[in-house]
Q: 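Before I ask anything, here is the structure I am working with.
Every value quoted in this text rests on a predicted model; they were computed, and no experiment measured them. The first residue in the sequence is number 1, and the count goes up from there.
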Amino acid sequence: MQNQLGNTPEEITHSMAEAMRFAGDGCTERDLLLRGFTRQEILKHGDAARETAFARSLSSIPTRVQARRAA
């Protein structure tokens, strides 16, 4: 049986980052535990996942371009 959260460090980090983004700014260790991550995985991959989640959130923020005024 394959782990849905990933088997390699990269897969686990990616899955954890997505879980963090889904949970939002208030994501806690408990949220990650409820999503199936172990305490060991959180300790080992949590910092990298947080950085990844933050970087992805910055790239997904829509930019606004001011419209031209009607003449």
Side-chain angles (χ1 to χ4, degrees):
M1 185 170 134
Q2 187 171 356
N3 184 353
Q4 291 181 352
L5 301 175
N7 294 314
T8 67
E10 293 82 16
E11 291 172 342
I12 295 168
T13 300
H14 173 78
S15 295
M16 193 177 295
E18 289 303 310
M20 288 175 174
R21 289 187 63 207
F22 182 78
D25 288 340
C27 183
T28 64
E29 179 181 2
R30 185 172 188 277
D31 294 328
L32 296 175
L33 290 169
L34 291 173
R35 295 202 181 275
F37 296 99
T38 65
R39 288 194 194 280
Q40 290 175 323
E41 289 172 330
I42 295 168
L43 289 172
K44 187 172 183 179
H45 304 287
D47 290 337
R50 186 174 18 262
E51 291 174 16
T52 301
F54 181 71
R56 288 188 182 155
S57 70
L58 290 179
S59 67
S60 67
I61 295 174
T63 56
R64 290 186 163 189
V65 177
Q66 188 173 12
R68 290 191 279 171
R69 292 185 175 175

Q: How would you list, by chain and number, every residue that makes a side chain to side chain donor-acceptor pair (under 3.5 Å) with Arg35, sequence neighbours excluded?
A: none

Q: What pair of heavy atoms forms the shortest contact from Ile12 to Phe37, and how long is it?
A: O-CE2, 4.0 Å

Q: When you compare the side chain of Lys44 with that of Gln40, does any pair of heavy atoms fall below 4.5 Å?
A: no

Q: Taking all heavy atoms of Ser15 and all of Gly6, pick out the closest pair and write down the distance.
A: OG-N, 4.4 Å

Q: Side chain to side chain donor-acceptor pair (under 3.5 Å) with Glu18: which residues, sequence neighbours excluded?
A: Arg56

Q: Does any non-hydrogen side-chain atom of Asp47 lie less than 4.5 Å from one of Arg50?
A: yes

Q: Give, for atom CD of Glu10 and atom OG1 of Thr52, the distance between the pair rounded to the nearest 0.5 Å.
A: 10.5 Å

Q: Has Glu41 got a side-chain atom pairing as donor or acceptor with Thr38's backbone, closer than 3.5 angstrom?
A: yes

Q: Name each donor-acceptor pair under 3.5 Å that joins a side chain in residues 27-34 to protein atoms two or more places apart or in another chain, with its distance.
A:
{"from": "Thr28", "atom 1": "OG1", "to": "Arg30", "atom 2": "N", "distance (Å)": "3.4"}
{"from": "Thr28", "atom 1": "OG1", "to": "Asp31", "atom 2": "N", "distance (Å)": "3.2"}
{"from": "Thr28", "atom 1": "OG1", "to": "Asp31", "atom 2": "OD2", "distance (Å)": "3.3"}
{"from": "Glu29", "atom 1": "OE2", "to": "Arg39", "atom 2": "NH1", "distance (Å)": "2.6"}
{"from": "Asp31", "atom 1": "OD2", "to": "Thr28", "atom 2": "N", "distance (Å)": "2.9"}

Q: Compare every heavy atom of Met20 with every heavy atom of Ala53, then report the nearest pair and how far apart it is.
A: CB-CB, 4.2 Å

